[in-house]
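This report refers to the structure that appears directly beneath it.
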Amino acid sequence: MPDPPVGFAEVLRQAIDRRGLPLERVRDHLDLYGASVSVATLSYWQSGRSRPERKSSLAALAHLETVLDLPVGTLRSALATPQPRRRRMVVTQLDSLWPEGRAARVLGGLDTRWDADLDRVSVHDLVEIGPDRRQRMLNVRQVMRARADGPDRRVVLHSQKDCHAPLPEIRALRGCRLGRTTSDEEGGIIGAELLFLRPLRRGQTVLAEYEAVSDGMGPLEDSYGRRLRLPAGEHVLSVSFHPAALPASCTATSSAGRETRLVLDPAHCVHVVATPAAAGTTTIRWTWPPQPSPGGA
């Protein structure tokens with residue numbers, strides 16, 4: 001029985017893997033040929049989320065074949081192969097969640113091929129604020145289900161507004177190990193590949209847990225938000241405050257415009273739950289009471 005035809009996304013993904021080039025380098029090589037293709041677009045092409053259709057994109061394919069050492073016409077032929085049908089999902093565009101293109105630049109050094117093939121069953125975020133009002137730790141636990149055979153990793157991004165504090169260390173805790181990491185220190189963003197212990201078959205689930213830890217001075221933040229490009233079956237966002245650093249107020253907001261005032265529980269925590277969770281951003285914000293002046297009355 002003949003092998004099924006290989007689609008454009010798979011041909012491109014395999015070629016990029018063979019060359020061992022991060023997407024930023026591929027983009028830079030294309031720039032030398034006068035073919036402008038963004039890192040985000042290359043990522044979409046290799047994941048199958050979009051295909052080159054505009055005249056300028058189609059013209060860039062010949063230069064892309066040169067950069068990737070492919071025979072002439074390889075990508076054009078693969079583009080003629082029909083795409084497999086995918087279940088429709090509500091997907092929020094990357095640029096609307098991460099402005100200024102910073103996330104796309106970080107993702108350019110990571111393997112995002114399986115992002116759209118992993119359903120988010122549940123996402124739990126636990127943020128810990130220390131006695132100095134700085135974020136000490138973020139613990140994330142995600143359960144994902146494969147929509148196709150093959151997913152072997154999940155790419156995650158972490159950001160902070162306080163760019164004076166060093167970026168945290170990403171540590172894999174359960175169900176995964178740490179792969180490549182990239183960062184944009186000026187933009188306060190770090191990205192990492194969480195490599196599953198085995199590739200998933202369609203319908204299989206994986207529980208991956210990791211943490212972002214600040215061993216030294218953590219960022220001085222007044223909010224934490226979860227950016228969901230894809231919907232999730234459940235999302236829980238919790239912030240825990242040290243007894244010596246309790247906020248004056250806490251509020252949960254969503255990109256849909258909902259706002260909810262939160263009250264600390266006896267353990268000095270607040271949380272918000274969404275079942276299901278739509279694509280978009282959910283944020284818990286807090287304000288601090290004035291700190292007493294040194295030697296004040």
Side-chain angles (χ1 to χ4, degrees), residues 9-10 13-14 16-25 39 42-43 46-49 94 98 102-128 135-160 166-185 188-216 218-219 224 226-230 232-238:
E10 186 174 351
R13 186 166 60 239
Q14 291 176 354
I16 291 174
D17 284 347
R18 282 194 299 269
R19 286 284 281 128
L21 291 175
L23 296 185
E24 284 187 329
R25 291 290 305 281
V39 169
L42 290 169
S43 177
Q46 74 165 355
S47 68
R49 292 195 291 272
L94 188 69
W98 302 83
R102 293 189 180 278
R105 289 194 289 272
V106 172
L107 289 174
L110 303 172
D111 185 350
T112 61
R113 75 180 77 175
W114 298 113
D115 185 62
D117 288 307
L118 289 167
D119 285 333
R120 280 61 163 171
V121 179
S122 66
V123 181
H124 290 197
D125 297 308
L126 171 60
V127 181
E128 183 179 317
Q135 181 176 309
R136 292 201 302 192
M137 184 269 293
L138 163 67
N139 177 276
V140 180
R141 179 182 298 176
Q142 299 190 19
V143 177
M144 293 156 283
R145 178 180 291 111
R147 301 178 60 235
D149 292 341
D152 64 354
R153 70 197 63 204
R154 166 85 167 97
V155 171
V156 297
L157 290 177
H158 171 76
S159 70
Q160 59 190 46
L167 289 171
E169 177 186 356
I170 305 293
R171 299 174 183 171
L173 299 179
R174 182 181 305 173
C176 59
R177 57 187 177 85
L178 190 65
R180 289 175 292 184
T181 62
T182 58
S183 63
D184 176 355
E185 294 190 9
I189 300 177
I190 184 170
E193 296 172 353
L194 302 180
L195 307 179
F196 304 150
L197 304 184
R198 61 179 181 180
L200 301 180
R201 300 294 300 272
R202 181 177 180 179
Q204 284 186 326
T205 58
V206 61
L207 188 156
E209 183 176 0
Y210 71 95
E211 62 183 7
V213 181
S214 298
D215 288 331
Y224 175 80
R226 159 63 63 177
R227 299 171 172 93
L228 287 173
R229 287 194 61 251
L230 300 170
E234 175 191 64
H235 177 225
V236 180
L237 172 55
S238 174

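We count residues from 1, following the sequence as given. Note that the structure is a prediction, hence the values are computed from the model and not measured.
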Exercise. Are the charged groups of Arg202 and Asp149 less than 4.0 angstrom apart, N to O?
Worked result: no
Problem set entry | Between CG on residue Leu200 and OG1 on residue Thr205, distance to nearest 0.5 Å | 8.0 Å
Exercise. Is the shortest heavy-atom distance from the side chain of Pro166 to the side chain of Ser214 under 4.5 Å?
Worked result: no
Exercise. Any side-chain heavy atom of Val127 sitting closer than 4.5 Å to one from Arg136?
Worked result: no
Problem set entry | Full working for side-chain contact (heavy atoms from CB on, under 4.5 Å) between Leu178 and Leu195 | CA-CA 6 Å; Leu178 190 65; Leu195 307 179; over 6 Å; no
Problem set entry | salt bridge (Lys or Arg N to Asp or Glu O under 4.0 Å) partners of Arg25, counting only residues at least two apart | none
Exercise. Side chains of Phe196 and Leu207: closer than 4.5 Å at any heavy-atom pair?
Worked result: no
Seminar exercise, completed: Heavy-atom closest pair (Ala148 atom, Asp117 atom, distance to 0.1 Å) is CB-OD1, 4.0 Å
Problem set entry | Within 45° cone of Trp114 ring axis and under 6.0 Å: Arg13 NZ or CZ | yes
Exercise. Looking only at side chains, do Arg105 and Thr182 share a donor and an acceptor under 3.5 Å apart?
Worked result: no
Exercise. What's the verdict on side-chain contact (heavy atoms from CB on, under 4.5 Å) for Tyr224 and Leu126, showing C-alpha distance, side-chain angles and the deciding distance?
Worked result: CA-CA 10 Å; Tyr224 175 80; Leu126 171 60; over 6 Å; no
Problem set entry | Main-chain N/O of Asp111 paired to Glu193 side chain as donor or acceptor, under 3.5 Å | yes
Exercise. Out of curiosity, Arg145 CZ to Arg120 CZ, how far, rounded to the nearest 0.5 Å?
Worked result: 13.0 Å
Exercise. What distance do His158 atom NE2 and Ile190 atom CD1 have between them, rounded to the nearest 0.5 Å?
Worked result: 8.0 Å
Exercise. At their closest point, which heavy atom of Pro219 faces which heavy atom of Gln160, and how far apart are they?
Worked result: CG-OE1, 3.6 Å
Problem set entry | Within 6.0 angstrom of Arg19 CZ, more than 12 heavy atoms from elsewhere | yes
Could you go through residues 167-174 and list every donor-acceptor pair under 3.5 Å that involves a side-chain atom there, pairing it with any protein atom two or more places apart or in another chain?
residue	atom	partner	partner atom	Å
Glu169	OE1	Arg171	NE	3.3
Glu169	OE1	Arg171	NH2	3.3
Arg171	NH2	Asp215	OD1	3.0
Arg171	NH2	Asp215	OD2	3.0

Exercise. Where do Val156 and Leu194 land on the side-chain contact (heavy atoms from CB on, under 4.5 Å) test, with the steps shown first?
Worked result: CA-CA 7 Å; Val156 297; Leu194 302 180; 3.9 Å; yes
Problem set entry | Val123/Val236 under side-chain contact (heavy atoms from CB on, under 4.5 Å): CA gap, chis, key distance, verdict | CA-CA 6 Å; Val123 181; Val236 180; over 6 Å; no
Problem set entry | Pairwise distance CG(Leu107) to CG(Leu42) - rounded to 0.5 angstrom | 12.5 Å
Exercise. Between atom CD of Gln14 and atom CZ of Arg113, what is the distance when rounded to the nearest 0.5 Å?
Worked result: 8.5 Å
Exercise. When rounded to the nearest 0.5 angstrom, what is the spacing between CG in Leu197 and SG in Cys176?
Worked result: 7.0 Å
Using a 3.5 Å cut-off and no angle test, enumerate the donor-acceptor pairs between side-chain atoms of residues 137-144 and protein atoms at least two apart in sequence or in another chain.
residue	atom	partner	partner atom	Å
Asn139	ND2	Glu209	OE2	3.1
Gln142	OE1	Arg154	NE	3.2

For this session: Given salt bridge (charged side-chain N to carboxylate O under 4.0 Å, His left out), test Asp115 with Arg153 step by step and report yes or no.
Result: CA-CA 8 Å; Asp115 185 62; Arg153 70 197 63 204; over 6 Å; no
Problem set entry | Heavy-atom pair of closest approach, residues Ser159 and Ile189 | CB-CG1, 4.0 Å
